[in-house]
There are 2 protein chains.
Amino acid sequence: MSDDEQRGRGAASVHRVGGLLGDLQSADDQPVAPRRRADAERNRAQILSAAEQLFAEQDPRSVTMGEIAKAAGVGRATLYRSFPDPSSVAVALLDEHERRLQGQLIYGPPPLGPGAPAGERLAAFYLAMLDLLERHLPLALGAETGPARFRTGAYGFWRVHVRTLLVDHGVEDPDPLIDIALSPLSPELFQFQRHQLGLSAERIGGSLAVFARRLLESGGGR
Amino acid sequence: MSDDEQRGRGAASVHRVGGLLGDLQSADDQPVAPRRRADAERNRAQILSAAEQLFAEQDPRSVTMGEIAKAAGVGRATLYRSFPDPSSVAVALLDEHERRLQGQLIYGPPPLGPGAPAGERLAAFYLAMLDLLERHLPLALGAETGPARFRTGAYGFWRVHVRTLLVDHGVEDPDPLIDIALSPLSPELFQFQRHQLGLSAERIGGSLAVFARRLLESGGGR
DNA sequence: TGGCAAACGGACAAGGTGTCCACTTAGCTT
DNA sequence: AAGCTAAGTGGACACCTTGTCCGTTTGCCA
């Protein structure tokens with residue numbers, strides 16, 4: 001998605017999880033892809049920075065390409081060169097924030113990382129995602145363009161992770177359950193619960209933890 | 001939503017559930033609201049009929065007000081008089097299909113209606129909703145305009161129903177769980193599972209049934 | 001320093017939205 | 001049964017967004 005995929009940063013969110021500690025942006029050069037020019041890099045940074053602010057200060061769903069371009073001080077066509085639509089900008093932004101969590105799921109200490117029972121790991125995952133949503137809700141809402149959400153690299157990562165947990169627990173037919181287990185993390189749902197119903201993040205988190213443990217109760221998945 | 005609310009048909013989906021058997025459209029006159037004129041009624045019917053076809057034969061998210069108006073053979077402004085946007089047309093259409101299920105949940109035989117254990121009722125509800133999605137997916141997708149989905153009368157009804165089940169089961173803090181339990185029924189999720197992943201309705205239904213029973217296991221909710 | 005490919009951004013055409021307003025018509029009134 | 005009045009209609013208008021084209025500028029390498 002966005003143009004990361006086309007240009008070499010590759011399936012970034014899925015595999016670029018190295019550097020659990022080294023959080024600095026690792027060098028972005030690729031062996032094959034022609035390097036990005038310096039001005040392009042600079043513009044990209046301006047765009048991302050300006051867009052992050054835009055998404056935060058107005059309805060994320062109403063941000064237009066024109067607004068982003070103007071805020072970033074570049075022409076619209078320049079913006080189109082990097083991103084096909086506003087939501088892909090939000091996806092790129094969100095991606096950076098999600099990468100840390102992805103690393104923790106693979107290499108981190110339990111219960112997020114390997115080593116804890118599946119139910120506990122799922123509960124921990126829910127809480128971590130909730131924290132992510134709480135902190136970056138505008139971006140998550142801006143990224144959510146209907147069906148495109150499921151084609152995101154990040155969503156693919158969460159799927160792989162949850163599938164691992166389900167299989168680990170010995171669930172019978174795990175595949176349909178993957179997305180069912182992920183569905184409570186929908187950004188729009190979170191917004192509704194949090195700001196329409198006025199539920200605290202703690203209550204939602206508590207329910208999700210209960211939910212996770214009940215779903216993957218110790219004693220085998222059958 | 002739509003203009004049903006403004007014009008007297010009231011919170012139709014939530015309370016107009018009488019007639020579990022009498023499926024014919026009950027008389028639509030209201031004591032207070034000024035009656036709709038005959039030509040307006042006729043146009044409304046044409047609009048709904050034309051729109052249902054449109055939603056079915058192209059990407060439901062791409063249907064525009066102009067297209068609906070043209071297909072219905074009315075002017076755009078006439079359409080705007082009845083519906084503020086395409087998704088509200090889909091909501092109105094879907095509403096009619098949902099009303100039968102709503103009746104069955106309240107007055108029907110178990111396990112859909114009262115009388116069965118909460119877990120069984122939830123499982124039955126999931127299967128019924130899945131069936132609805134399978135048959136009217138285009139409308140469901142057309143109706144799904146982001147956060148507006150949660151403000152739908154129908155969604156409110158499902159919330160009330162699920163809350164009843166949760167309370168009935170003795171769940172500790174039911175409110176945050178309501179929407180979590182409803183989240184697997186998102187039309188976009190269903191579409192993804194069904195047509196992107198290629199899962200059969202049966203497999204999805206099976207997982208949802210397992211899911212429901214595990215969530216509301218017999219033996220009390222705590 | 002010169003040249004070239006990459007990147008930029010102003011401009012254009014197409015199409016959607018929501019509203020206004022002059023005209024038509026249904027349905028009550030006498 | 002004809003007239004009146006307000007509800008209903010639909011063509012048209014102004015505004016905004018989108019996606020692309022293309023002449024110009026700029027980084028980078030030889």
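Just so it is clear: chains get the letters A, B, ... in the order the sequence lines come, proteins before strands, and each one is counted from 1.
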If you restrict it to nitrogen or oxygen atoms, what contacts under 3.5 Å exist between nucleotides 11-17 of chain C and the protein, and what is each distance?
| from | atom 1 | to | atom 2 | distance (Å) |
| --- | --- | --- | --- | --- |
| dT17(C) | OP2 | Met65(B) | N | 3.4 |

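- You'll find the side chain of Ile68(B) stays beyond 4.5 Å of the side chain of Phe83(B), heavy atoms only.
- Counted by atom type alone, Gln53(A) and Ser49(A) present zero donor-acceptor pairs between their side chains at under 3.5 Å.
- Rounded to whole Å, the distance from CD on Gln46(A) to P on dA7(C) is 16 Å.
- Between His97(B) and His136(B), the two ring planes are parallel [angle under 30°; tilted spans 30° to 60°].
- A heavy-atom distance below 4.5 Å is found between the side chains of Phe157(A) and Leu105(A).
- When rounded to the nearest whole Å, the span between CZ of Arg81(B) and P of dA7(D) equals 9 Å.
- Positionally, the nearest nucleotide of DNA chain D for Val74(B) lies more toward the 5' end than for the other of Val74(B) and Asp85(A).
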Are there any protein N/O atoms within less than 3.5 Å of an N/O atom in nucleotides 23-25 of chain C, and if so, which ones and at what distance?
| from | atom 1 | to | atom 2 | distance (Å) |
| --- | --- | --- | --- | --- |
| dT25(C) | O2 | Arg37(B) | NH1 | 3.4 |

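- There is no side-chain donor-acceptor pair under 3.5 Å between Asp131(B) and Tyr126(B).
- In terms of phosphate contacts, Thr78(B) brings no side-chain nitrogen or oxygen within less than 4.0 Å of OP1 or OP2 of dG8(D).
- At least one side-chain heavy atom of Leu112(B) sits less than 4.5 Å from a side-chain heavy atom of Leu101(B).
- Between Phe211(A) and Phe211(B), the two ring planes are perpendicular [angle over 60°; tilted spans 30° to 60°].
- Using the six-membered ring where Trp is involved, Phe125(A) and Trp158(A) have ring planes that are tilted, between 30° and 60° apart.
- Within the 4.0 angstrom heavy-atom criterion, only backbone atoms of the sugar-phosphate kind lie near Asn43(A); the bases stay farther away.
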